[in-house]
Amino acid sequence: MNVEELSGLPPGALEHFRDEGIEELYPPQAEAVEAGILEGDSLVAAVPTASGKTMIAALSMLSAVQRGGKALYIVPLRALASEKKAEFDAYEEFGVTTGVTTGNYESTDEWLATKDLIVATSEKVDSLVRNGADWLSDLTCVVSDEVHLIDDRNRGPTLEVTLAKLRELNPGLQTVALSATVGNADEIADWLEADLVDTDWRPIDLQMGVHYGNALEFHDGSTREVPVEGSEKQEAALVRDILQEGGSSLVFVSSRRNAEAAARRLSQVSSRELTDEERSKLSELADDIRNVSDTETSKDLADCVERGAAFHHAGLASEHRTLVEDAFRDRLLKMISATPTLAAGVNTPARRVIVRDWRRFDPTAGGMSPLDVLEVHQMMGRAGRPGLDPYGEAVLLANSHDEREELFERYVWGEPEPVRSKLAAEPALRTHVLATIASGFARTREGLLEFMQATLYASQSTEGSRLESVTDDVLEYLESNDFIEREGGASTAGSTETDQTVEAATDAFVSASELTEDSDAGSDGAQAADSAAVDLTATSLGHTVSRLYLDPMTAAEIVHGLESADDRPTALGLYQLISRTPDMYELYLRSGEDETFGELFYEREPELLGDAPSEYEDARFEDWLASLKTGKLLEDWADEQDEDRLTDEYKIGPGDLRGKVDTAEWLLGAAESLANEIGSEWTVAVREARARVEHGVREELLELVSVRGVGRKRARQLYDVGIEGPADLRTADKGVVLAVLKGEKTAANILENAGREDPSMDGVEPRTDLEGVEVRTDRGGSRATTDGNGGTDEPDDDQASLGDF
DNA sequence: TTTGCGGCCATATAGACAGCATGTC
DNA sequence: CTATATGGCCGCAAA
């Protein structure tokens, strides 16, 4: 089908596609058009990566906009949101505007309401639904990218529930779900009442094979000699082999450490094939990487990059990841070894994909378990760059004849697993049941269960009673924690007639009045006739929790923690409190650390909020210590310890540290709202702890870091020469300021931001003798002889007790 | 005595969304 | 119950 034949798109769109070099639709795209996506029909497209899914989405959304509608594109990752936004921005050319909204991007409702296309993460959409964003009811088309993630235990239910809610909110909503090829795309299509396009077609050929010994054997029977020389590893031979043809490679491994080790080893291979120009560009890139953060990880990565290779995993800071991904796409980096992050993330195609480790450690399985076929297919799908490579190659590594057979069976010829809803898991239900009640999607237990009928879970489960009983458990939990109230009927399922008659006497009036109200809730109408209906309402606290996007269990923990505090909670107390909630991804204890943190526990026990589990309850006590470890990490960060030191001491990557800090910021912000809600007297303590973790500073620097351009390091240096806040910056000796801040521009900017009237640094000489000014000596005077950052790296914690008297 | 290397044992193991109100070194 | 890479440690042999 030719692009010219498409109708119903905004004027100028066809021209745009032509300019992009798109003339003929790929067969799956043509099928999608025939299925009616241009007329607003729903569709599930289960097609391989890089076979034009985005075009299917674009056609659906643009035709919806042309009909006067508005479209939403749901992505699983923030990084993908920006990637898609950049892609859709090109439509501005013909007047179609795009907005993004994710947790850390700006987003005002009014602003989004004016956009034609909106890109958002599934959690953000869920949050928008909970907060009742008006423009949601204007949507006429929703695209859900990577919809197979519904299978994900943690985040799948959010996507599932969100899609169900959007569809209930907007009857007739065009739903376009894009999925990897999965075992049961037809079930998803049934659920969404959509047509199905299910195909293995790819624009460039994908050769799948297994390397064993000195030979690479492909699924079509062809083979290729790839001899392993000397003591080199299989992957080294494969990387070298394809590099000599000018192709890049992507090696998937099972752990971060493996990724780093492989990159180090393989950089010896890539290093041999670099031109001088590439070398100099790579060395610039390496400098950029070192500048991102002053940590071991950063240095190791830079060292590899200089030689044309890189590793990629979640321990990297996001800037690291972006730099590496971009350089790889620009063909500057020849090889990346990665954990599965890369398979699900932004588009980073390579000529040859090597899936080295196909087993992964899984403690729940008691050891190593094979990767899902779906997952391996996602990795293999990264092979082949459209327009650049004649074909892509995906290679698995075997070290025995038997393993080679197994790999062919399992991954080359094997079918991917079906997608299974994980909604019935209690943690997921806790959150979504509360949200469903709080945002008015269900007002009775029966209405709630009926809403659940609209989920994939219901369409897949054979015994509906499971969902019902878990739902009742969850309702029980929510009620006992004061998030919801239940009235009328009986409090649990399976109640008898006699129970009801007793209750009915007192609740008859309430039920009758609810009857009329229910009629505008639509779906509840049928149940309302049943006098035994249990009315569900969210309490004020429940509403807050739902809007804050907290797991109810997190909220309960925080509320209890704050209520149990007799004295003003310390920062550590609050940090440990949020670290033990399910919304904080825990650092686990390494061997030997149970002792270290056991000691810390006895030392700081009075600061911790709530009751510690008994030491004899092994598992729970371990968890408690693990959250103490996370809390201590946050305290150290807020005590101005160097990033380098923290990543080293806690054996985490810079990305992990930032992730923890980020989460802590979010949870403490939420904790402040909760403190307000329950009338706790500790809101100020919470706010201060949050501010400290946000900027990574001690209390005395909080004023300084509020000045734009001043972060934790500059603030400390200013403080050490006696400048304690914006007011001091306005009156301070410019020579002193300049001596501390180095650059004239920086100094002038900061003075301006502090509100100084004459910020200019023209003609100001940095003071070399800081004798004449008030120098802080109470924290160890050596700091004042500042000549950079060397020398004064002595741990600050020794002074912690001196600092706050 | 020092240095280098192989073998053995212990150890550790992927990922990352969200509120709210503004901006690092 | 399953695997595998790494790093520390030890003992041995060569320098």
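- Both distances falling under 3.5 Å, in either a Watson-Crick or a G-U wobble arrangement, occur for no nucleotide opposite B:dT22.
- A:Ser579 and A:Lys629 share no side-chain donor-acceptor pair at under 3.5 Å.
- Distance check: A:Glu557 CD to A:Ile578 CD1 gives 12.0 Å after rounding to the nearest 0.5 Å.
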B/S/- contact track for nucleotides 16-23 of chain B, protein heavy atom under 4.0 Å: BBBB---S

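- Comparing B:dG15, C:dA5, C:dA3 by their closest approach to the side chain of A:Asn258 singles out C:dA5.
- Counting to the nearest Å, the C1' atom of B:dG15 and the CG atom of A:Asn154 are 9 Å from each other.
- OP1 and OP2 of B:dA12 both lie 4.0 Å or more from every side-chain N or O belonging to A:Ser255.
- In this structure, the CZ atom of A:Phe361 is 14 Å from the P atom of B:dT11, given to the nearest Å.
- The interatomic distance linking A:Asp357 (CG) with B:dG15 (C1') rounds to 16 Å, in whole Å.
- Between the CE atom of A:Met584 and the P atom of B:dG15 there is a distance of 18 Å, given to the nearest Å.
- Across all strands shown, nothing is found opposite B:dC17 as a Watson-Crick or G-U wobble partner with both distances under 3.5 Å.
- C:dG8 atom P lies 14 Å from atom CZ of A:Arg590, rounded to whole Å.
- Using a 4.0 Å heavy-atom criterion, one finds that A:Arg687 contacts no nucleic acid atom at all.
- Residues A:Glu296 and A:Thr647 have side chains that never bring a donor and an acceptor to within less than 3.5 angstrom of each other.
- Defined by atom type and a distance below 3.5 Å, a donor-acceptor pair is missing between the side-chain atoms of A:Thr297 and A:Thr295.
- As rounded to the nearest Å, B:dA14 and C:dT4 have C1' atoms that lie 16 Å from one another.
- Computed from C1' positions of five pairs at each end, the angle between the two local axes of the helix from B:dT1-C:dA15 to B:dT13-C:dA3 equals 0°, rounded to 10 degrees.
- In this structure, the CZ atom of A:Arg264 is 14 Å from the P atom of C:dA5, given to the nearest Å.
- Between the NE2 atom of A:His313 and the C1' atom of B:dT13 there is a distance of 12 Å, given to the nearest Å.
- In terms of position along DNA chain B, the nucleotide closest to A:Glu375 lies nearer the 5' end than the nucleotide closest to the other residue of the pair A:Arg714 and A:Glu375.
- Residue A:Asp372 contributes atom CG, which lies 17 Å from atom P of B:dA14 at whole-angstrom precision.
- For A:Glu406 and A:Trp358, the side-chain atoms include no donor-acceptor pair closer than 3.5 Å.
- Both A:Gly315 and A:Asn291 lie close to DNA chain B; mapped to their nearest nucleotides by heavy-atom distance, the more 5′-ward contact belongs to A:Gly315.
- Proximity of a side-chain donor or acceptor of A:Ser546 to a complementary backbone N or O of A:His543 within less than 3.5 Å is not detected.
- The closest donor-acceptor contact from the side chain of A:Asp583 to the backbone of A:Asp551 lies under 3.5 Å.
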Expected rows: protein N/O vs nucleotides 4-9 of chain B N/O, under 3.5 Å:
none

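- With distances taken from any side-chain atom of A:Tyr588 to the nucleotides C:dT6, C:dA3, B:dA12, the minimum falls on B:dA12.
- The shortest distance between side-chain heavy atoms of A:Leu633 and A:Ile652 falls below 4.5 Å.
- Shortest non-hydrogen contact noted between A:Ala715 and A:Val705 is CB-CG1, 3.8 Å.
- Residue A:Leu250 holds its CG atom at 8.0 Å from CE of A:Met335, rounded to the nearest 0.5 Å.
- A salt bridge does not link A:Asp648 with A:Arg645: every distance from a Lys NZ or Arg NE/NH1/NH2 to an Asp or Glu carboxylate oxygen is 4.0 Å or more.
- At distances below 3.5 Å, not a single donor-acceptor pair connects side-chain atoms of A:His312 with backbone N or O atoms of A:Ala338.
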